[in-house]
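Single-structure report; data block below.
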Amino acid sequence: MLKDKISKSVTILSFSIFIFFVSLNAGNAYAKKLKVITTSTDLKSIAEYIGGDKVNVESLTKGYANPHEVDAKPSFMVKLRKADVFIRIGLDLEQWAQLLIDGARNPHIRFGAPGHVIASVGVDLQGLAVRGGAMIDRSLGDVHIYGNPHFWLDPLNGKIMAQNILEGLKRNSPENAKYFEENKRLFDKEIDTRLIKWMKRMKPYSGTNVIAYHRSWPNFSKRFGINVVGYVELRPGIAPSPAHIATLIKRMKSEDIRVLIEEPCYETKIPKFISSKTDASVLTLPVSVEGLNGVKDYFGLFDYIIDNLVSTFKKQGITPND
């Protein structure tokens with residue numbers, strides 16, 4: 001009887017010790033994951049793909065928000081204080097980011113430190129702000145003097161962004177370098193495979209003229225062949241005047257421009273008014289992952305944009321090229 005009780009106690013104790021070490025190992029495995037903070041949902045999506053189960057990634061902004069206008073919340077500083085890696089677009093898009101870095105007091109994520117990653121290094125930039133040999137300044141609106149920062153709307157730039165993210169993750173978790181590199185290889189393969197399909201779908205509409213609300217599309221239009229020939233905004237970030245709207249309507253009628261693209265973060269009243277005067281379709285397109293429901297990752301962003309562009313061109317009776 002006593003022997004049975006002792007045996008039962010030993011079994012329970014052994015099981016308890018086993019459960020304790022399993023829990024401990026699980027906690028250690030979780031603790032080893034890199035804590036990655038990004039400034040955009042696009043960067044988050046790519047970082048999650050490259051980092052896999054070795055990272056926990058969070059974006060400071062929402063996909064439907066205006067990336068130019070972000071409040072430097074104290075809660076963001078708290079997140080950055082605990083971060084191993086901070087990934088930003090770069091150029092001059094996130095002027096609010098430096099305030100967050102300073103407030104976080106985390107030397108590991110400061111510019112030049114191992115945990116600071118700038119995704120724009122080496123990408124193809126469009127819309128360089130130069131006029132007559134001189135750089136354009138902010139008096140002309142929300143102009144980005146280093147080039148248009150919406151470069152992620154070219155999927156080949158996505159591969160370069162992924163490379164920059166790969167190097168950042170390897171710096172901070174060298175023991176997982178091979179794992180990250182394999183994920184990067186698969187990411188590139190997925191981009192290359194899908195790009196063939198995306199290009200095939202867009203090719204019949206190469207050269208189609210459209211109007212956009214904001215200057216978000218130079219890299220996309222270069223890659224996929226559509227022409228953004230005018231903008232609702234008078235200048236980037238500046239609301240249009242009645243005279244500008246009237247001129248735009250006249251141009252759309254005379255040149256038979258039938259599609260107006262707007263981003264989710266901008267108001268819809270003026271685009272709808274323009275549509276009522278021209279019969280053009282107003283097409284709301286996300287410029288970032290999670291910008292609209294159903295756009296869950298970087299690949300899905302292009303699926304959504306291209307699917308809706310093609311369907312709108314067809315709806316408007318725009319004749320495909322031979």
Side-chain angles (χ1 to χ4, degrees), residues 66 68 124-132 134 136-144 147-151 153-154 198-287 291-292 302 304-322:
N66 188 336
H68 307 87
D124 173 43
L125 292 174
Q126 299 296 307
L128 293 175
V130 179
R131 176 181 292 176
I136 295 175
D137 61 32
R138 292 280 177 172
S139 67
L140 294 177
D142 188 17
V143 176
H144 297 281
N148 191 290
H150 298 278
F151 54 80
L153 288 174
D154 178 349
W198 293 329
M199 295 290 287
K200 184 177 181 180
R201 292 204 68 197
M202 290 295 294
K203 186 176 180 180
Y205 300 97
S206 178
T208 300
N209 291 339
V210 302
I211 299 295
Y213 194 101
H214 182 73
R215 288 165 170 77
S216 302
W217 303 97
N219 281 95
F220 182 91
S221 61
K222 179 185 177 184
R223 179 60 55 198
F224 294 105
I226 63 171
N227 296 327
V228 180
V229 296
Y231 299 92
V232 173
E233 289 180 319
L234 180 62
R235 298 187 184 94
I238 298 176
S241 65
H244 176 69
I245 295 172
T247 300
L248 192 60
I249 290 171
K250 183 178 180 180
R251 181 180 183 185
M252 291 176 69
K253 288 180 176 179
S254 65
E255 298 179 16
D256 193 26
I257 301 172
R258 306 181 210 171
V259 178
L260 191 160
I261 299 170
E262 67 169 355
E263 297 84 346
C265 62
Y266 294 106
E267 59 85 27
T268 61
K269 182 179 179 179
I270 294 175
K272 287 181 178 178
F273 174 77
I274 294 172
S275 174
S276 72
K277 299 299 181 181
T278 62
D279 291 327
S281 293
V282 177
L283 177 58
T284 301
L285 293 178
V287 293
L292 289 174
F302 292 98
Y304 188 97
I305 292 172
I306 291 170
D307 285 348
N308 283 273
L309 274 174
V310 170
S311 64
T312 302
F313 291 158
K314 289 180 178 178
K315 175 185 174 182
Q316 279 290 340
I318 296 173
T319 305
N321 300 319
D322 294 332

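Side chains included, hydrogens not; waters and symmetry mates left out as well; all remaining heavy atoms used.
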Residues two or more places apart in sequence or in another chain: which of them pass salt bridge (Lys or Arg N to Asp or Glu O under 4.0 Å) with Lys222?
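Asp124.
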
Contacts of Arg258 that satisfy salt bridge (Lys or Arg N to Asp or Glu O under 4.0 Å) - sequence neighbours left out
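Here the qualifying residues are Asp256.
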
Output the distance between atom [atom1] ([X]) and atom [atom2] ([Y]), rounded to the nearest 0.5 Å.
X	Y	atom1	atom2	answer
Ile211	Glu255	CD1	CD	7.5 Å
Glu263	Arg215	CD	CZ	11.0 Å
Thr312	Lys314	OG1	NZ	11.0 Å
Ile249	Ser254	CD1	OG	12.0 Å
Thr278	Arg251	OG1	CZ	13.5 Å
Asp279	Met252	CG	CE	10.0 Å

Main chain of [Y], side chain of [X]: is a donor-acceptor contact present, judged purely on distance under 3.5 Å?
X	Y	value
Ser311	Asn308	yes
Gln316	Ile257	no
Asn227	Val229	no
His244	Tyr231	yes
Ser275	Ala280	yes
Asn321	Ser206	yes

Can you give the donor-acceptor pairs under 3.5 Å from side chains of residues 267-274 to other protein atoms, not counting sequence neighbours?
residue	atom	partner	partner atom	Å
Glu267	OE1	Lys269	N	2.7
Glu267	OE1	Ile270	N	3.2
Glu267	OE2	Tyr213	OH	3.3

Using a 4.5 Å cut-off on heavy atoms from C-beta on, say whether the side chain of [Y] contacts that of [X].
X	Y	value
Tyr266	Glu233	yes
Val259	Tyr205	no
Glu262	Val232	no

Provide the closest heavy-atom pair for [X] versus [Y] in the form atom of the first, atom of the second, distance.
X	Y	result
Pro264	Gly291	CG-O, 3.8 Å
Leu292	Tyr304	CD1-OH, 3.5 Å
Pro218	Gln126	CB-CB, 3.7 Å
Trp217	Val228	CB-CG2, 4.1 Å

Is the ring pair Phe224/Phe220 parallel, tilted or perpendicular, if the boundaries are 30 and 60 degrees?
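Rings of Phe224 and Phe220: tilted, 30 to 60°.
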
side-chain contact (heavy atoms from CB on, under 4.5 Å) for Leu153 and Ile305? Distances and angles first, verdict last.
CA-CA 10 Å; Leu153 288 174; Ile305 292 172; 4.0 Å; yes

